[in-house]
S.K.: 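Below is one structure. I have some questions about it.
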Amino acid sequence: MNNEALKTIRLYDTLLGEKVPFEPRDPGKVNMYVCGLTPSNYPHIGHARTAVVFDVIQRIFLYFGYKVNYCSNFTDIDDKIIAKANEEGCSPKDLAQKYIQIYLESLETLNIKPPGCFAKVTDHISEIIEMVEVLISKGFAYESGGDVYFSVRSFKPYGKLSKRSIKELLVGARIEPGEKKRDPLDFALWKAAKPGEPSWESPWGKGRPGWHIECSAMSLKYLGGSFDIHGGAQDLIFPHHENEIAQAEAYSGIEPFSKYWIHAGWVTLNKEKMSKSIGNVFKLSEALSLVHPNVLRYFFISTLYSSPLDYDVKNLHQAAKSLERIVLTIKRLFDYSSSAQKVKTGADSILEKWRNDFDEALADNFNTPQAIGVIMHAVKEINRWIKELTLSKEDANFWYHQMNTWMEILGFNEVENTNFALFSEEEIVAKLKDLMNKHKIDVDEQQSLDEMIKALVNLRKKCREEKQFVLSDQIRNELFQLNIVLEDTKEGTTYRFSEELQ
RNA sequence: GGCGACAUGGCCAAGUGGUAAGGCAAGGGUUUGCAAAACCCUCAUUCGUCGGUUCGAAUCCGACUGUCGCCUCCA
């Protein structure tokens with residue numbers, strides 16, 4: 001895409017509750033802030049989904065020719081961090097740093113283009129203090145015994161994002177012991193330091209920022225007033241984003257704080273939301289021990305970003321099989337070398353249509369499942385062309401690159417190298433050694449995995465040549481038990497790891 | 001209790017007024033020594049239930065049922 005004719009993207013805005021055309025504040029440029037996390041534990045699969053969702057959204061904007069200024073954050077000081085640090089016997093700073101590092105590594109594993117800016121709360125204390133001072137001076141906030149609270153009732157539009165009224169919020173609201181609020185709905189902008197807690201000097205004495213204020217302060221600092229997109233997972237709508245709007249609009253007097261609000265659906269486990277209080281969290285590392293990152297990404301984006309997604313091993317497996325179909329077709333295109341026949345497919349006009357369908361899908365509220373549908377459609381046609389030998393070498397090469405391009409737009413990393421093995425390499429090697437011993441093949445400790453498999457494939461080949469099909473089929477079946485699938489072609493036997501459920 | 005979201009074939013999942021994409025699974029066929037992969041065919045007269053609006057609804061309205069969520073920390 002070129003910059004002259006930027007694709008119009010329609011997106012679902014949580015605040016309006018409807019799909020609207022995206023019109024950036026600055027032409028051709030997207031200013032996007034996505035709430036990151038509190039680095040106090042290992043990332044779970046829900047964190048991963050949100051990160052992948054906004055990664056894809058960023059990639060779609062880039063694909064359509066927009067410049068993207070993407071900012072995210074770490075809330076690296078708060079009650080949970082302090083509590084966890086005491087638990088682990090380290091400083092809150094070290095604790096946050098440790099989990100930030102782990103999270104950043106996860107992003108890399110998942111092939112997520114990191115946000116251009118990753119703001120940390122502890123680096124923005126002065127901005128936060130300045131914001132709180134202004135809120136007090138404008139009458140939206142008040143100091144109370146070293147704490148500072150935002151007066152929710154002073155901000156009339158409160159509740160506009162989460163669609164609730166102050167009246168209904170009052171039901172069930174209460175003041176926790178130790179809080180010095182005037183009104184149960186008020187929330188802390190600044191918290192006075194308790195003994196032993198990390199703290200910063202402020203006009204109200206030593207203390208630290210409350211939750212919510214940091215995202216308003218940092219997004220305004222890096223993206224300015226009325227930036228384009230504020231995102232996060234759905235559980236942040238209330239109170240986090242509601243409070244952000246209140247603070248930011250009260251502070252700056254600029255409305256809207258953010259032009260569009262995008263929220264990612266959460267990951268459920270047995271249809272129930274993963275939640276710290278329930279304790280049913282599924283770590284990202286556990287999912288990645290089961291499947292390749294590309295499979296996890298496929299699993300995430302085969303559902304619309306805003307829908308709930310139920311994590312289930314069976315569903316992961318389905319994702320793997322679907323992705324494998326695409327990968328095998330791409331590999332087939334690469335290997336394809338027929339005599340240079342003329343194109344009989346009318347591929348040009350079809351390309352035009354498919355590209356258009358793909359683009360329209362992504363432009364319509366980032367509809368990745370539909371875009372995948374377009375790719376699947378291409379997969380089917382391409383396989384038929386290959387079968388019917390109606391593709392020239394050049395065409396095969398062309399489609400090979402087109403398929404790869406599409407997959408890259410969706411953020412897959414070297415999709416051809418996606419590993420569908422279900423066992424670790426050590427496990428497979430150990431089991432292959434057993435097999436080789438069983439079939440009286442010499443095991444060389446220096447042998448690679450590939451060489452070991454080929455040794456068994458060669459034995460099977462010999463059996464087949466001698467028409468000993470019982471034995472040759474047995475070897476094939478034994479390899480199949482290790483998720484190694486053999487395919488006999490005219491050029492010989494190939495193998496691949498496939499996620500076949502036994 | 002208050003508020004809200006969702007309910008599409010065995011499973012996953014698009015589609016938000018014009019007559020049900022796609023994937024996984026399954027069955028039949030081509031191919032194969034047999035497989036695998038691939039291709040062809042089959043697989044929801046129907047979109048939780050009951051009403052209503054409309055020439056026309058999975059899509060709009062109402063009621064009901066079910067599931068989940070928010071009102072407490074959460075991506």
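Naming convention: chains lettered A, B, ... in sequence-line order (proteins, then strands); numbering from 1 in each chain.
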S.K.: Expressed as a whole number of angstroms, how long is the span from Asp364(A):CG to U59(B):P?
M.R.: 19 Å
S.K.: If A63(B) has a Watson-Crick or G-U wobble mate with both distances under 3.5 Å, name it; if not, just say none.
M.R.: U49(B)
S.K.: Looking at every strand, decide which applies to Leu236(A) at a 4.0 Å heavy-atom threshold: base, sugar-phosphate, or nothing.
M.R.: sugar-phosphate
S.K.: Between C6(B) and C64(B), how many Å separate the two C1' atoms, rounded to a whole number?
M.R.: 16 Å
S.K.: Under 4.0 Å between a side-chain nitrogen and a carboxylate oxygen: does that hold for Lys19(A) and Asp364(A)?
M.R.: yes
S.K.: For nucleotides 38-44 of chain B, tabulate all protein N/O to nucleotide N/O atom pairs closer than 3.5 Å, reporting atom names and distance.
M.R.:
from	atom 1	to	atom 2	distance (Å)
A38(B)	O3'	Asn383(A)	ND2	3.3
A38(B)	N3	Lys387(A)	NZ	3.1
C39(B)	OP1	Arg325(A)	NH2	3.4
C39(B)	OP1	Asn383(A)	ND2	3.4
C39(B)	OP2	Arg325(A)	NH1	3.3

S.K.: Given the ring of Tyr42(A), does Lys283(A) sit roughly above its face, with NZ or CZ under 6.0 Å from the centre of the six-membered ring and within 45° of the axis?
M.R.: yes
S.K.: Specify the separation, in whole Å, of atom CD1 of Ile375(A) and atom C1' of A14(B).
M.R.: 14 Å
S.K.: Quick check, are the ring centers of Phe227(A) and Phe257(A) under 6.0 angstrom apart?
M.R.: yes
S.K.: Would you mind checking if Lys191(A) and Asp78(A) are paired as a salt bridge, meaning a charged N to carboxylate O distance below 4.0 Å?
M.R.: no
S.K.: Heavy-atom nearest nucleotide on RNA chain B for Pro239(A) versus Leu309(A): which residue maps closer to 5'?
M.R.: Leu309(A)
S.K.: With rounding to whole Å, what would you report as the distance between A36(B) and A75(B) at their C1' atoms?
M.R.: 41 Å
S.K.: To the nearest 0.5 Å, tell me how far Gln468(A) CD sits from Gln474(A) CD.
M.R.: 11.0 Å
S.K.: Take Tyr336(A) and Tyr400(A), measure what ring pair (Phe, Tyr, Trp, His ring centres under 6.0 Å) needs, and give me the verdict at the end.
M.R.: CA-CA 10 Å; Tyr336(A) 183 85; Tyr400(A) 170 77; over 10 Å; no
S.K.: With rounding to the closest Å, how many angstrom separate the P atoms on A37(B) and G28(B)?
M.R.: 15 Å
S.K.: Grab the NE2-C1' distance between His47(A) and C73(B) for me, whole Å please.
M.R.: 12 Å
S.K.: Quickly work out the Gln234(A) CD to A5(B) C1' distance and round it to whole Å.
M.R.: 8 Å
S.K.: Does A58(B) pair with anything, Watson-Crick or G-U wobble, both distances under 3.5 Å, and if so, with which nucleotide?
M.R.: none
S.K.: Relative to each other, are the rings of His240(A) and His212(A) parallel, tilted or perpendicular (30° and 60° limits)?
M.R.: tilted
S.K.: Parallel, tilted or perpendicular: which describes the rings of Tyr311(A) and Phe282(A), with under 30° parallel and over 60° perpendicular?
M.R.: tilted
S.K.: If you measure from the C1' atom in A58(B) to the same atom in U16(B), how many Å do you get, rounded?
M.R.: 9 Å
S.K.: Strictly by Watson-Crick or wobble contacts shorter than 3.5 Å, is anything paired with C39(B), and which nucleotide is it?
M.R.: G29(B)
S.K.: Please report the distance separating the C1' of C39(B) from the corresponding atom of U49(B), rounded so that it comes out in whole Å.
M.R.: 42 Å
S.K.: In the strands shown, is C24(B) matched to any nucleotide by a Watson-Crick or G-U wobble pair with both distances under 3.5 Å, and which?
M.R.: G10(B)
S.K.: Does any donor-acceptor pair link the side chain of Glu168(A) with the base of C71(B) at a separation under 3.5 Å?
M.R.: no
S.K.: By the 4.0 Å heavy-atom rule, please label Thr489(A) as base, sugar-phosphate, or nothing.
M.R.: nothing
S.K.: Rounded to the nearest angstrom, tell me the gap between atom CD in Glu487(A) and atom P in U31(B).
M.R.: 18 Å
S.K.: Report yes or no: is the cationic atom of Lys431(A) (NZ for Lys, CZ for Arg) closer than 6.0 Å to the six-membered ring centre of Phe423(A), at no more than 45° off its axis?
M.R.: yes
S.K.: Using the C1' atom as the point on both nucleotides, what is the distance between C43(B) and G29(B), in whole Å?
M.R.: 15 Å
S.K.: Does His240(A) reach a base, just sugar-phosphate, or nothing at all? Heavy atoms under 4.0 Å.
M.R.: nothing
S.K.: For a quick check of understanding: with a heavy-atom distance under 4.0 Å over all strands, which category does Val53(A) fall into, base, sugar-phosphate or nothing?
M.R.: nothing
S.K.: With a 3.5 Å cut-off and heavy atoms only, can you find an N or O donor on one side and an acceptor on the other between the side chain of Asp473(A) and the base of G33(B)?
M.R.: yes
S.K.: Rounded to whole angstrom units, what separation is found between the CG atom of Leu269(A) and the P atom of C68(B)?
M.R.: 14 Å
S.K.: Please measure how far the C1' atom in G27(B) lies from the corresponding atom in G9(B), and state the result in whole Å.
M.R.: 15 Å
S.K.: If you look at every strand shown and take non-hydrogen atoms under 4.0 Å, does Lys273(A) touch a base, only sugar-phosphate, or nothing?
M.R.: base
S.K.: In whole angstroms, how far is the P atom of C73(B) from the CG atom of Asn41(A)?
M.R.: 18 Å
S.K.: Determine the contact category for Phe469(A): base if any of its heavy atoms lies under 4.0 Å from a base atom, sugar-phosphate if only primed atoms, P, OP1 or OP2 are that close, otherwise nothing.
M.R.: base
S.K.: One pair to check against ring pair (Phe, Tyr, Trp, His ring centres under 6.0 Å): Phe22(A) and Phe61(A). What are the steps and the verdict?
M.R.: CA-CA 11 Å; Phe22(A) 173 71; Phe61(A) 276 119; 5.1 Å; yes
S.K.: Searching all strands shown, indicate the nucleotide that pairs with U16(B) (Watson-Crick or G-U wobble; both distances under 3.5 Å).
M.R.: none
S.K.: Looking only at atom C1', what distance separates C12(B) and C47(B), rounded to whole Å?
M.R.: 16 Å
S.K.: Counting only heavy atoms and a strict 4.0 angstrom limit, can you tell me which residues of residues 457-468 of chain A come near RNA chain B?
M.R.: Arg460(A), Arg464(A)
S.K.: Is the cationic atom of Arg164(A) (NZ for Lys, CZ for Arg) positioned less than 6.0 Å from the six-membered ring centroid of Phe238(A) and within 45 degrees of its normal?
M.R.: yes
S.K.: RNA chain B: Arg49(A) or Leu304(A), which has the more 5' nearest nucleotide?
M.R.: Leu304(A)
S.K.: Tell me whether the side-chain N or O atoms of Asp235(A) pair up with the base of C73(B) as donor and acceptor below 3.5 Å, since no angle test is needed here.
M.R.: no
S.K.: Could you work out which one of G33(B), C11(B), C70(B) sits closest to the side chain of Ser472(A)?
M.R.: G33(B)
S.K.: Between P on A36(B) and NZ on Lys331(A), what's the gap in Å once rounded to a whole number?
M.R.: 19 Å
S.K.: In terms of side-chain heavy atoms of Pro369(A), which of C70(B), A13(B), A37(B) is nearest?
M.R.: A13(B)
S.K.: Any luck finding a side-chain donor-acceptor pair between Asn73(A) and Tyr33(A) under 3.5 Å?
M.R.: yes
S.K.: Please confirm whether Phe150(A) and Phe187(A) have ring centers closer than 6.0 angstrom.
M.R.: yes
S.K.: So what does Asp312(A) hit on the nucleic acid, given a heavy-atom distance under 4.0 Å: a base, only sugar-phosphate, or nothing?
M.R.: nothing
S.K.: When both hydrogen-bonding distances must be under 3.5 Å and the geometry is Watson-Crick or G-U wobble, what is G69(B) paired with, if anything?
M.R.: C3(B)
